[in-house]
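Some notes on the structure that comes next.
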Amino acid sequence: MKIKLSLLLLLLVFSISSCKKYLEVLPKDFVSPENYFNNETELNTALVGVYDIMGSAALYGEILWSQFEVATDESFFRQSTTTIGVQVYNYDSNNSSVAGVWKALYAGIERANILLANINKPAMPEANRSVVMGEALFLRAYYYYLLTSNFGDVPLILEPTKSVNNPEIARTPLKEVYAQILSDMTTAEGLVKPITAYNFAGRVSKSAVQGILARVCLKMAGNPLNDKTKYADAAKWAKMVINSGIHSLNPSYEQIFINHMQDKYDIKEGIWEVEFTGNLLQSGVNETGRLGVLGGLAGTNDEIGNSYGQWNGTRVLYDIYKQQDLRRDWNIGSYYYSGATKTKVFQTVAEAKSVGKWRREYELLTPKNRNYNGANFPLLRYADVLLMYAEAKNEISGPDAESINYVNLVRQRGAGKELNGTNVFTVNVVNGGSGYTTVPNVTINGGSFTTQATATAAIANGRVSAITVVTPGAFYTSVPTVTIAGTTGTGATANVALSIATDANLLPAETADQTAFRSSIIDERSRELCYEGLRRGDLIRWGIFMERMKNAASVATLRYIAAFKYASRPGDNISEKHNLLPIPLSEISLNRLLTQNPGWL
């Protein structure tokens with residue numbers, strides 16, 4: 001079920017003028033609140049309007065995640081001719097995408113302020129009023145969190161701008177903005193309903209508020225505020241989600257993202273999502289996004305679903321996965337579709353592989369639009385909560401058994417432990433044989449499996465040099481045997497090592513002390529949460545954004561094949577000023593009290 005209501009009243013009540021700045025006055029075609037908010041239905045319709053900003057093209061409909069998050073140490077924009085733009089960190093304060101994010105977020109804040117100013121107007125049950133108030137407060141705070149994360153100090157506006165006599169408003173110090181964010185979110189946590197009241201993740205619930213509060217507190221503990229006392233608060237809020245008993249990890253990592261494409265909810269794993277519906281080819285409400293369209297397994301077949309494949313994974317990310325980690329070949333797809341056909345073309349070069357986290361072949365709504373779909377965007381997953389708790393606890397007192405266990409739970413799911421049981425962990429060459437001029441076939445036989453494992457060989461100097469597990473199979477009850485057969489060569493033999501319950505766990509060296517565990521969590525967040533709009537913010541709050549981007553550029557320059565060496569551009573172009581976005585020039589020109597961020601002209 002979606003919470004998308006009729007948009008007719010919404011458009012009448014919350015019409016936004018593109019020619020007005022959002023810190024000025026209300027658009028002239030805005031329906032006066034004096035003539036609205038007369039009953040509970042109108043109040044809830046207004047609440048939908050506050051939510052609706054989330055799905056705008058400037059935010060999770062496209063720009064925020066497809067341009068501002070595409071260039072990190074996880075991925076790069078697959079366009080060799082792109083030398084200017086947000087995707088390569090070569091832009092200025094007049095950039096339209098930057099301005100769009102600012103405007104959309106202040107539009108959401110304005111909508112929330114209007115609703116909150118009229119929250120007591122309609123006669124309705126007080127319990128229902130409290131829920132609406134809690135959701136509106138939280139959404140306003142979340143919009144401010146996105147603003148401060150991207151722009152630093154921003155004007156703090158808590159009343160409808162119609163009541164502001166002087167539209168020129170100075171930037172509020174970051175600490176004050178965060179204090180308001182915490183106040184609003186903490187109040188909201190006591191007002192909103194648990195997610196079990198809805199059984200879908202598109203509405204703000206108690207778990208969502210608690211989890212985002214953990215994220216906000218981690219940001220406050222890091223750059224630029226560096227308020228280390230907030231680690232304790234982050235741990236507290238994350239633990240409340242864990243202790244609720246509502247949430248758990250989906251046994252299948254892949255299924256999380258298939259669910260997004262199929263408009264299915266799993267509230268155990270998926271805690272909060274931006275809702276989209278339809279694809280503009282059906283009647284009724286259509287609120288569409290572009291997940292899997294811009295970044296996905298490239299191909300133009302309309303039955304599978306057109307994808308431009310604009311994102312490629314980096315070697316930096318590819319290399320930190322273990323071979324047995326099933327997340328690697330899901331997140332960084334090993335194939336694309338040849339043109340308009342259904343033929344899969346497999347890639348062997350890491351940097352040539354497209355992002356594959358959201359795959360249009362799983363969409364159920366047909367016919368498929370070439371450019372838009374109804375896939376929800378994930379804002380908060382349970383795996384993130386486990387990793388946030390582990391990070392916060394480590395920063396407070398170093399690694400402990402509980403925190404290490406939470407990280408290992410994420411890793412075990414990534415290796416498919418619950419999904420596949422005992423499977424093939426490695427195939428080890430015992431004797432390379434001789435005379436191999438062509439790659440032999442490898443067959444893994446026996447072992448009483450439910451799904452058979454497969455593997456491929458590599459040869460060097462006439463010998464079988466390595467055997468790579470392609471699919472590990474599932475639920476082996478005994479060790480299988482390996483047959484190596486080809487048209488040339490003889491004598492190669494190999495044996496199988498089956499997985500054990502703990503082989504996905506962190507090694508002792510990775511949890512030896514606070515520094516080692518911190519490094520492990522930094523990598524684990526990337527392995528688990530890549531492409532979900534979190535990495536740039538994580539790198540900035542950890543104070544390693546420049547370092548990681550320069551390293552990714554160096555890897556591209558030194559290790560990528562010639563066709564992809566342009567992937568170094570983001571790291572080559574980046575500088576300290578990119579820890580914040582510029583204040584949009586269009587806003588500064590209308591508000592003399594706004595000052596620019598350092599380094600931006």
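Remember, predicted model here, so these are calculated numbers, not experimental data. For the single chain, residues carry numbers from 1 onward in sequence order.
Side-chain atoms of Asn279 never come within 3.5 Å of backbone atoms of Gly374 as a donor-acceptor pair (strictly under, hydrogens ignored). Side-chain N or O atoms of Arg360 include none that pairs as donor or acceptor with a backbone N or O of Gly299 at under 3.5 Å. Without hydrogens or angle criteria, Ser207 side chain to Ile271 main chain gives no donor-acceptor distance under 3.5 Å. At distances below 3.5 Å, not a single donor-acceptor pair connects side-chain atoms of Asn331 with backbone N or O atoms of Arg328. Side chain of Lys219 to backbone of Ala214: no donor-acceptor contact under 3.5 angstrom is found. Looking only at distances, a side-chain donor or acceptor of Lys417 sits under 3.5 Å from a matching main-chain atom of Ile500. No donor-acceptor distance shorter than 3.5 angstrom exists from the side chain of Ser338 to the backbone of Val345, with no hydrogens or angles considered. Using modelled atom types, one side-chain atom of Asn95 and one backbone atom of Val98 make a donor-acceptor pair closer than 3.5 Å. Side chain of Ser568 to backbone of Thr557: no donor-acceptor contact under 3.5 angstrom is found. Between the Arg413 side chain and the Pro251 main chain, no donor and acceptor come within less than 3.5 Å of each other.
No hydrogens or angles considered: nothing links the side chains of Arg411 and Asn505 as a donor-acceptor pair under 3.5 Å. In this structure, a donor-acceptor pair under 3.5 Å is present between the side chains of Tyr265 and Glu275. Residues Glu391 and Trp542 have side chains that bring a donor and an acceptor to within less than 3.5 angstrom of each other. Side-chain atoms of Asp503 and Gln324 form no donor-acceptor pair, as typed in the model, at a separation below 3.5 Å. With 3.5 Å as the limit, one finds no donor-acceptor pair spanning the side chains of Thr468 and Thr456. A donor-acceptor contact closer than 3.5 angstrom links the side chains of Ser403 and Asp400. Between the side chains of Tyr337 and Glu361, at least one donor-acceptor pair of N or O atoms lies under 3.5 Å. Judged purely by distance below 3.5 Å, without hydrogens or angles, the side chains of Tyr389 and Glu402 pair a donor atom with an acceptor atom. With 3.5 Å as the limit, one finds no donor-acceptor pair spanning the side chains of Arg541 and Asn223. Side-chain atoms of Thr454 and Thr471 form a donor-acceptor pair, as typed in the model, at a separation below 3.5 Å. Glu547 and Asn551 are not linked by any side-chain donor-acceptor pair at a separation below 3.5 angstrom, with hydrogens and angles left out of the test. A donor and an acceptor atom, one from each side chain of Asn445 and Thr483, are located under 3.5 Å apart.
Between the CG atom of Asn90 and the CG atom of Asn573 there is a distance of 5.0 Å, given to the nearest 0.5 Å. Considering CZ of Arg536 and CG of Asp73, their distance stands at 13.0 Å, rounded to 0.5 Å. Atom-to-atom distance recorded for Tyr308:OH and Thr300:OG1 is 9.5 Å, nearest 0.5 angstrom. Within the model, atoms NZ of Lys353 and CG of Leu297 stand 11.5 Å from one another, a figure rounded to the nearest 0.5 Å. Note that the CD atom of Glu74 and the CG atom of Leu317 stand 5.5 Å from one another [nearest 0.5 Å]. For the atom pair CD1 of Ile574 and CG of Asn579, the computed distance is 7.5 Å after rounding to the nearest 0.5 Å.
With a 6.0 Å cutoff to the six-membered ring centre and a 45° limit on the axis angle, Arg327 does not count as a cation-pi contact of Tyr321.
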Could you go through the side-chain contact (heavy atoms from CB on, under 4.5 Å) check for Val274 and Asn376 one step at a time? CA-CA 6 Å; Val274 180; Asn376 285 2; over 6 Å; no

Assess whether salt bridge (charged side-chain N to carboxylate O under 4.0 Å, His left out) is satisfied between Asp302 and Arg370, documenting all intermediate values. CA-CA 7 Å; Asp302 287 331; Arg370 294 184 63 78; 2.3 Å; yes

Between Phe475 and Thr451, is the side-chain contact (heavy atoms from CB on, under 4.5 Å) condition met? List the steps. CA-CA 7 Å; Phe475 295 102; Thr451 303; over 6 Å; no

Go through the steps to decide whether Arg463 and Tyr436 satisfy the test side-chain contact (heavy atoms from CB on, under 4.5 Å), and finish with yes or no. CA-CA 6 Å; Arg463 296 170 59 82; Tyr436 291 95; 5.5 Å; no

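Within the 4.5 Å cutoff, the side chain of Ile242 has heavy atoms near those of the Tyr406 side chain. Contact check for Asn373 versus Trp358: no side-chain heavy atoms found under the 4.5 Å cut-off. By the 4.5 Å heavy-atom criterion applied to side chains, Ile320 and Ser526 are counted as neighbours. With a 4.5 Å cut-off on side-chain heavy atoms, Leu498 and Val424 count as touching. For the pair Leu59 and Ile63, the minimum side-chain heavy-atom distance is 4.5 Å or more. With contacts defined as side-chain heavy-atom distances shorter than 4.5 Å, the pair Cys530/Lys357 qualifies. Annotation: side chain of Phe68 is in contact with side chain of Ser97 (closest heavy-atom distance under 4.5 Å). Between Asn408 and Leu506, some side-chain heavy-atom pair lies under the 4.5 Å cut-off.
Between Tyr89 and Tyr91, the two ring planes are tilted [angle within 30° to 60°]. The aromatic rings of His578 and Trp600 lie perpendicular to each other, with more than 60° between the two planes, well past the 30° mark. Under the 30°/60° scheme for interplanar angles, the aromatic rings of Phe76 and Tyr560 are found to be tilted.
Between Arg559 and Asp319, at least one side-chain nitrogen of the basic residue sits less than 4.0 Å from a carboxylate oxygen of the acidic one, meeting the salt-bridge criterion. Between Arg535 and Glu69 there is no salt bridge, since no side-chain N of the basic residue sits under 4.0 Å from a carboxylate O of the acidic one.
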Would you mind writing out the side-chain donor-acceptor pairs for residues 380-387 within the sub-3.5 Å range, not counting sequence neighbours?
unit_1	atom_1	unit_2	atom_2	d
Arg381	NE	Glu532	OE1	3.1
Arg381	NE	Glu532	OE2	3.4
Arg381	NH1	Glu269	OE2	2.8
Arg381	NH1	Glu528	OE2	2.9
Arg381	NH2	Glu528	O	3.0
Arg381	NH2	Glu528	OE2	3.2
Arg381	NH2	Glu532	OE2	2.8
Asp384	OD1	Arg525	NH1	2.8
Asp384	OD1	Arg525	NH2	3.2
Asp384	OD2	Arg215	NH2	2.8

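More than 12 heavy atoms of other shown residues, nucleotides or ligands fall within 6.0 angstrom of atom NZ in Lys228. For Glu303, the CD atom is loosely surrounded, since the number of other residues' heavy atoms within 6.0 Å does not exceed 12.
Residues satisfying the side chain to side chain donor-acceptor pair (under 3.5 Å) criterion with Ser499, sequence neighbours excluded, are Asn423.
Counting only residues at least two apart or in different chains, salt bridge (Lys or Arg N to Asp or Glu O under 4.0 Å) contacts with residues 436-458 are absent.
Taking the six-membered ring for Trp, Phe276 and Phe377 have ring centres at least 6.0 Å apart.
Nearest heavy atom pair, residue Ala298 against residue Gly309, reads CB-CA, 4.0 Å. When all heavy atoms of Ala58 and Gly100 are compared, the pair lying nearest together is CB-O, 3.3 Å.
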